[in-house]
Structure formats: C-alpha cells, structure tokens
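Only one structure is covered here, and it is reproduced in the block below.
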Amino acid sequence: QVQFVESGGGLVQPGGSLRLSCAPSDFNADHYPIGWFRQAPGKEREGVACISSYDGSTIYTDSVKGRFTISRDNAQKTVYLQMNSLRSENTAVYYCAAVILGISCSWTQRRYDFWGQGTRVTVSS
C-alpha cells in the first residue's frame, strides 16, 4: 500500500515562504499523479495543485496561481509544493494524495486513492 511522509509545514509571517515535501513509499510514484489539498479551519478540504505522470503538466486553483509551484524530483520520488507570498487565508493543514488508476490530474477528491497524514501551515504575524 502506498504511504506518504509529508513535511515542511510550520509558522510563517505573511509574505513569507515555505516548501512542503511529500515522499511516497512507492518507488514508482512517478507513474501516477500527485496532488496537494488543504483544509482550513471550519472549511471543506479543497484542491491546491497537482502534477501529472505522463508529461509533468500541472494545475492550480486560481487563488494560488503565480505564488505556489508544484514540482517532482524524479531521482528521489518526492513531490514539492513551493509556497511564496503566503497570506493568512493560506493557513490550513496541507495533504498530498495519489491517483493510482489514472495518469491525469483531477479535482475530484474521491479519485485519489492514498493520502498523507497532513502537515500544518500557519500564516500569522
């Protein structure tokens, strides 16, 4: 079963940056899409970004375009989420997840088969 180790969260001031890491236990993790999702206090979980397996293409939710970047380290099989110009509304628990039966990214959360434990990001002055 695919498992994930997430890290990189913490407390940061508005305008600051963090880089989240997602390390799948499956050495073939580059064969399926990896997405980042987040759940803010009192809100539903939402998609943030995703990177596909066939061409490395990416998608982002509108609110993070130009500030967040998802990337994959094929040598280490790790997926990153670089978050710049952070805002207080970005405060949330961030999760990485994998789509096993497919190669394309999706915002439909039920299509993601495996989820990490989450890493908490707090943006506050």
Side-chain angles (χ1 to χ4, degrees):
Q1 185 173 4
V2 177
Q3 296 180 351
F4 300 92
V5 177
E6 297 165 317
S7 61
L11 175 64
V12 64
Q13 294 186 348
S17 298
L18 286 173
R19 189 179 73 163
L20 307 184
S21 299
C22 176
S25 62
D26 189 348
F27 283 101
N28 292 321
D30 58 338
H31 288 243
Y32 40 77
I34 301 292
W36 283 98
F37 296 80
R38 67 187 176 193
Q39 186 166 22
K43 297 184 178 180
E44 297 294 317
R45 189 169 59 193
E46 64 176 350
V48 178
C50 182
I51 185 166
S52 68
S53 61
Y54 67 96
D55 63 356
S57 62
T58 58
I59 59 172
Y60 300 90
T61 191
D62 287 343
S63 64
V64 308
K65 290 179 179 177
R67 299 189 297 118
F68 290 13
T69 303
I70 187 170
S71 61
R72 189 196 305 268
D73 182 339
N74 289 323
Q76 299 297 322
K77 304 297 189 295
T78 300
V79 174
Y80 303 97
L81 183 67
Q82 178 68 43
M83 305 186 296
N84 298 326
S85 301
L86 283 163
R87 305 165 181 168
S88 60
E89 58 263 36
N90 299 142
T91 294
V93 177
Y94 285 72
Y95 302 87
C96 63
V99 177
I100 302 300
L101 300 178
I103 61 173
S104 299
C105 287
S106 174
W107 292 129
T108 303
Q109 295 186 34
R110 69 174 183 268
R111 297 198 64 234
Y112 289 79
D113 300 281
F114 299 100
W115 295 76
Q117 81 287 352
T119 184
R120 186 177 300 275
V121 172
T122 302
V123 185
S124 177
S125 59

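A quick note: this is a predicted structure, and the numbers were derived from the prediction, not measured.
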If you compare all heavy atoms of [X] against all heavy atoms of [Y], which two are closest, and at what distance to 0.1 Å?
X      : Y      : result
Ser17  : Ser85  : OG-N, 4.3 Å
Cys22  : Trp36  : CB-CZ2, 3.6 Å
Thr78  : Ala23  : OG1-CB, 4.1 Å
Ser63  : Arg87  : O-NH1, 4.0 Å
Pro14  : Ser125 : CD-N, 3.7 Å
Ser106 : Tyr112 : O-OH, 2.6 Å

Out of curiosity, [X] [atom1] to [Y] [atom2], how far, rounded to the nearest 0.5 Å?
X      : Y      : atom1 : atom2 : result
Phe114 : Ile100 : CZ    : CD1   : 5.5 Å
Phe37  : Trp115 : CZ    : CH2   : 4.5 Å
Lys65  : Thr58  : NZ    : OG1   : 10.0 Å
Ser124 : Leu86  : OG    : CG    : 12.0 Å
Phe68  : Asn84  : CZ    : CG    : 8.5 Å
Ser25  : Lys77  : OG    : NZ    : 13.0 Å

Is it true that a side-chain atom of [X] and a backbone atom of [Y] form a donor plus acceptor pair closer than 3.5 Å?
X      : Y      : value
Thr122 : Thr91  : no
Tyr60  : Arg67  : no
Ser52  : Cys105 : no
Thr119 : Gly9   : yes
Glu6   : Gly118 : yes

Is there a path of hydrophobic side-chain contacts, each under 4.5 Å between heavy atoms of I, L, V, M, F, W or Y residues, that connects [X] with [Y]?
X     : Y     : answer
Leu18 : Ile51 : yes
Tyr80 : Ile59 : no
Phe4  : Val99 : no
Val12 : Val48 : yes
Tyr95 : Leu20 : no

**Study point:** Tyr94: partners by side-chain hydrogen bond (donor to acceptor under 3.5 Å, both in side chains), with sequence neighbours left out
**Key:**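 Counting only residues at least two positions away or on another chain, Tyr94 forms a side-chain hydrogen bond (donor to acceptor under 3.5 Å, both in side chains) with Arg38.
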Practice item. Quick one: do Asn90 and Met83 satisfy side chain to side chain contact (heavy atoms under 4.5 Å, CB included)? Show the steps, please. Key: CA-CA 9 Å; Asn90 299 142; Met83 305 186 296; over 6 Å; no
**Study point:** Min side-chain heavy-atom separation Tyr54-Ser104 under 4.5 Å
**Key:**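 Result yes, sub-4.5 Å side-chain heavy-atom pair found.
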